[in-house]
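For the numbers below, each heavy atom of this structure counts, side chains included, while hydrogens, waters and symmetry mates do not. Positions are given from 1 along the sequence.
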Amino acid sequence: MYRSSNIVARVFDRQICTPAPGTSVHHARRFYENLVPSHTVYEVECPDHSFRKFTDDGQYLISFSRNHQELIVYRPRWLSFSCKDEDCDKHDLPSRAKRFDSFFSQLYCVPLASCNELICKDFFLYMESNQFGLFATSTAQIHDAPAVGGAVHGVPSIEKITFHLLRLEDGEILDKKVFSNDFVNLTHNMGVFLYDDLLAIVSLRYQTIHILQIRDSGNLVDVRAIGEFCREDDELFLNSNAQGMAFSDKNKQLQLPGNHIENHMHQGQPNLGNSFLSGIKQRLLSFIFQGLWNEERDDTLRIQRLRKKFYFHFQDYVDLIIWKVQFLDRHHLLIKFGSVDGGVSRNADHHPAFVAVYNMDTTEIVSFYQNSADELYLLFEQFCDHFHATSRNSMYMNFISSHSNNIHALEQLRSIKDKFVKKMLASLPFSCQSQSPSPYFDQSLFRFDDKLISATDRHRQSTDHPIKFILRRYPYSLKFKIKPGPEAGSMDGRAKKISSFLFHPILPLALSVQQTLFLQPSVVNIHFRR
């Protein structure tokens with residue numbers, strides 16, 4: 001630990017002291033206690049764009065045009081200006097400092113959406129190893145679409161959903177993947193998860209998990225589809241078996257009197273769509289049945305338990321649909337099941353749900369929990385970082401504070417355990433790339449009000465009071481403040497305002513964006529170290 005809070009003394013300490021093994025990065029991050037975004041430029045003159053986020057390596061700032069047709073990508077750069085006097089800190093910043101292009105340079109503007117499509121402004125995934133960006137465009141939702149072709153009744157339909165893979169270095173579109181008359185939940189990346197080069201896309205309407213691979217060449221390659229079938233040859237096996245059954249029925253019918261042949265031939269046609277549950281549903285029911293079967297040794301008690309726990313709830317299990325999916329590693333998926341109403345609801349916290357771990361190689365369900373189970377909470381409390389599956393190449397994402405790696409976050413969790421445990425477990429599986437790796441959200445360095453601001457990528461109710469960041473260690477002083485909106489506060493106190501915060505993952509640089517619900521131009525402030 002550094003003996004002084006002075007940055008010069010810390011530099012000398014770094015030269016003569018060696019940190020303990022495995023702590024060098026944490027040791028270096030303590031310099032952020034001295035390097036903070038302590039100055040704010042209010043109401044910056046900037047384009048009227050919808051700013052999404054910084055990429056996890058800090059190379060790009062992603063934004064979209066207000067008509068949701070174009071992608072605009074910026075490169076962060078530092079403000080530079082000259083001063084004739086010796087002490088420039090005493091002087092006001094030049095007028096150019098109030099301009100957005102003093103901090104960011106535009107790289108390109110790429111049209112993504114066609115005339116009847118819009119960019120999904122809440123969706124963006126970044127593949128750091130290749131600097132690829134994944135974006136989505138879609139047409140409008142059809143809420144009362146008929147459930148045809150195996151679709152789930154009650155799930156809306158979108159005529160066209162297009163995923164665009166771009167090389168962010170130059171904006172070239174490398175590949176596209178189109179889903180027609182389907183529904184993928186793109187809000188906050190909920191329906192899509194990226195792990196290394198593997199991509200999981202959940203079709204809510206057709207209950208299929210599409211696994212794709214992003215090649216180094218920039219191609220989106222289909223790997224497998226999990227849902228109706230689990231293994232690659234399941235469909236071939238069922239179709240060949242159905243043909244054999246039809247052939248056998250035909251031979252039997254030929255032996256019947258002639259006036260009955262046509263009628264029985266018509267009735268003997270196989271109808272696989274109504275004969276079988278989906279492959280993933282059968283795996284789930286088998287796991288539940290086997291678990292209950294193995295709990296009892298006595299046959300009489302075993303039958304009673306199955307009647308009470310399995311057959312009584314059989315239809316409830318059959319009616320479950322896949323809500324959300326995330327990778328735990330390259331071989332296991334964490335799948336959330338629930339009712340149809342919860343799958344399409346904006347607030348699914350009030351709907352009962354279950355989570356299952358699925359092995360893609362063996363096509364088996366490994367474990368199954370109700371999302372309010374105590375056992376699941378203990379796993380979540382002790383191994384939270386395992387639920388935040390990050391790509392191996394994403395170094396910055398490995399230092400996000402959680403109650404598994406940070407004593408302050410654990411104390412905070414335990415203080416609200418009884419009240420918010422159900423809400424915390426409802427967030428499983430986690431959305432992909434939904435947290436900022438900025439060191440200013442490291443709870444071992446700074447203390448802040450997580451009701452007003454946190455590492456989670458969400459819009460929040462705006463406040464006219466500045467958000468304070470206070471040192472966790474001595475001297476426990478206020479290091480900097482983040483205030484969204486105009487410097488003097490809002491003139492219209494009745495208008496409902498929401499704010500979003502975009503922190504650079506490395507530099508002492510942040511954007512606060514305040515907007516009203518009436519599509520007025522956003523108020524953008526830039527917070528940086530002067």
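For Y206, the ring-ring contact (aromatic ring centres under 6.0 Å, His included) test picks out no residue, with sequence neighbours left out.
For an aromatic pair to be called close, the ring centres must be under 6.0 Å apart, and F51 with F100 satisfies this. Aromatic ring centroids of F124 and F135 lie under 6.0 Å apart.
Judged purely by distance below 3.5 Å, without hydrogens or angles, the side chains of S500 and K53 never pair a donor atom with an acceptor atom. A donor and an acceptor atom, one from each side chain of S512 and H527, are located under 3.5 Å apart. Side-chain atoms of S339 and D341 form no donor-acceptor pair, as typed in the model, at a separation below 3.5 Å. Counted by atom type alone, S462 and Q514 present one or more donor-acceptor pairs between their side chains at under 3.5 Å. A side-chain donor from one of D182 and S203 sits under 3.5 Å from a side-chain acceptor of the other.
In this structure the side chain of I201 reaches within 4.5 angstrom of the side chain of F179, judged on heavy atoms. V357 places a side-chain heavy atom less than 4.5 Å from the side chain of S367. Residues Y317 and L284 form no side-chain contact, since every pair of their non-hydrogen atoms from C-beta on lies 4.5 Å or further apart.
Look at D449 and K451 and you find no salt bridge, because none of the NZ, NE, NH1 or NH2 atoms lies under 4.0 Å from a carboxylate O. Between E172 and R167 there is a salt bridge, since a side-chain N of the basic residue sits under 4.0 Å from a carboxylate O of the acidic one. Note on D457 versus R52: salt bridge recorded, some NZ/NE/NH1/NH2 to OD/OE distance being below 4.0 Å.
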Checking side chain to side chain contact (heavy atoms under 4.5 Å, CB included) for the pair D57/Y126: CA distance, chi angles, key distance, verdict?
CA-CA 9 Å; D57 58 4; Y126 182 58; 2.7 Å; yes

Given R75 and Q59, is the side chain to side chain contact (heavy atoms under 4.5 Å, CB included) satisfied, shown in steps?
CA-CA 6 Å; R75 174 89 70 186; Q59 294 292 317; 2.8 Å; yes

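Below 30°, between 30° and 60°, or above 60°: for Y74 and H49 the angle between ring planes is between 30° and 60°, a tilted geometry. Using a 30° and 60° split on the angle between ring planes, F327 and F193 fall in the tilted class, from 30° to 60°.
Taking CZ of F337 as the start and CD1 of I322 as the end, the distance is 5.0 Å to the nearest 0.5 Å. For the atom pair CD of Q433 and NE2 of H188, the computed distance is 14.5 Å after rounding to the nearest 0.5 Å.
Formation of a donor-acceptor pair under 3.5 Å by the N189 side chain with backbone atoms of C432 is found in this model.
Heavy atoms from other residues, nucleotides or ligands lying under 6.0 Å from CD of Q69 number more than 12.
Looking at F528, F448, Y440, Y32 one by one, the single match for ring-ring contact (aromatic ring centres under 6.0 Å, His included) with F480 turns out to be Y440.
T463 and P484 get closest at one heavy-atom pair: O-CG, 4.0 Å.
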